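Here the structure is a predicted model, which is why all the values come from computation and not from measurement. Every number for a ligand or one of its atoms is a count from 1 in the order of the listing. These numbers come from the heavy atoms of this one structure, side chains and all, not from hydrogens, waters or symmetry mates.
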Amino acid sequence: MGESAKKPRVTVTRLRNMKQSGEKIAMLTGYDASFARILDRNGVDVILIGDSLGMVIQGRETTIPVTMDEMVYHTRAVAAGVMERALTLADLPFMSYTSPEMALRNCARLMQEGNAQMVKLEGGAPQVETVRQLTHHGVPVCAHLGLQPQSVHKLGGYKVQGRDEAAARRMLDDCLMLQDAGADMLLLECVPVALAERITGSVEIPVIGIGAGRGCDGQVLVLHDMLGISPRAPSFSMDFLQDTGTIPKAVQAYVEAVKNQSFPTDAHCFV
Ligand code: KIV
């Protein structure tokens, strides 16, 4: 393929421009090179090597047992499958970022051994200093707020977050602090539609939603949920394979639905 035919890679700058121009960002999780190639070729902007691999690949109950070595292994596999344009975003697993120093060491692994281009960590205000240190050292960071699956036992289950005004205000303040600390992207999981819209309208960095409504700058789903092969897909997900019949077509249908905002519908949202 000639140089002129190459599609431009998705970068942090491109993601910000997409927010500004109103083009929705399509993100899916991926865990290996074969699926990464399909996602990349069929229009997915960002591939998240999520610690959800603990559940959908390893069959565990939660994401908590996932280790750094496992994250590095799957990140490297996904990066090897991306040939065209998708940006690779890798999760820092449970207890791998309890201090800025530990986060720096583990981000170095995800980026040097795994070839990740951005990292994601869970948490609001308590992670501000870590985000500041990471971005200071050149690590692009996505902060995951709302339902934080690594805290499932502390939260007492997988529940919608930010429902009352005090909790909503706290989440918005956390997002603003994380942006000030240098975060390049936010991810909101299981957040009421109105709060997700309020946060998206209050920050300059892109906001990706999962169970957070159409008002976000983009959407993410767990690959196995959107292919209908998870034993228990959450209510905010949708099976894109059943009407399309092949994996590449299901991925294309998801990307198109995110871009034209026909997904998520009201049925996939919380009020
Ligand atoms: O690990 C993961 O797949 C995630 C998504 C649920 C956003 O963080």
Novice: Would one find an N or O of Thr29, backbone or side chain, under 3.5 Å from an N or O of ligand 1?
Specialist: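 N/O-N/O distance below 3.5 Å does not exist for this pair.
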
Novice: Start with the C-alpha gap between Arg198 and Glu165, add the side-chain angles, then the distance that decides, and say whether salt bridge (Lys or Arg N to Asp or Glu O under 4.0 Å) holds.
Specialist: CA-CA 12 Å; Arg198 190 167 152 201; Glu165 183 48 32; 3.1 Å; yes

Novice: Can you sort out which atoms of ligand 1 are near Asp51, meaning under 4.0 Å from one of its heavy atoms?
Specialist: 1 (O)

Novice: Would you please classify the geometry between the Phe270 ring and the Phe236 ring as parallel, tilted or perpendicular, with 30° and 60° separating the classes?
Specialist: perpendicular

Novice: May I ask you to identify the nearest protein heavy atom to atom 3 (O) of ligand 1, giving residue, atom name and distance to one decimal place in Å?
Specialist: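 Looking at atom 3 (O) of ligand 1, the protein heavy atom closest to it is Ser52 OG, 2.5 Å.
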
Novice: Which residue supplies the protein heavy atom nearest to atom 8 (O) of ligand 1, what is that atom called, and how far is it?
Specialist: Lys120 NZ, 2.8 Å

Novice: For atom 4 (C) of ligand 1, which protein heavy atom lies nearest, and how many Å away is it?
Specialist: Leu48 CD2, 3.7 Å

Novice: Indicate, as side chain, backbone, both or neither, the part of Asp91 found under 4.0 angstrom from ligand 1 when only non-hydrogen atoms are considered.
Specialist: side chain

Novice: Taking only heavy atoms of Gly50, which atoms of ligand 1 are found under 4.0 Å from at least one of them?
Specialist: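 What qualifies from ligand 1 is 1 (O), 2 (C), 3 (O).
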
Novice: Which word best sums up how the rings of Tyr254 and Phe240 line up, parallel for under 30°, tilted for 30 to 60°, or perpendicular for over 60°?
Specialist: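 Perpendicular, since the angle between the ring planes exceeds 60°.
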
Novice: Yes or no: does Glu122 have any heavy atom under 4.0 Å from an atom of ligand 1?
Specialist: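 Outside the 4.0 Å threshold, so no.
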
Novice: Does His137 form a side-chain contact (heavy atoms from CB on, under 4.5 Å) with Arg132? I'd like the steps, not just the answer.
Specialist: CA-CA 9 Å; His137 287 88; Arg132 199 186 313 283; over 6 Å; no

Novice: Does any N or O of ligand 1 fall below 3.5 Å from an N or O anywhere on Glu189, backbone included?
Specialist: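 No.
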
Novice: Is there a side-chain contact between Lys249 and Asn42, using heavy atoms and a 4.5 Å cut-off?
Specialist: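 Side-chain contact under 4.5 Å: no.
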
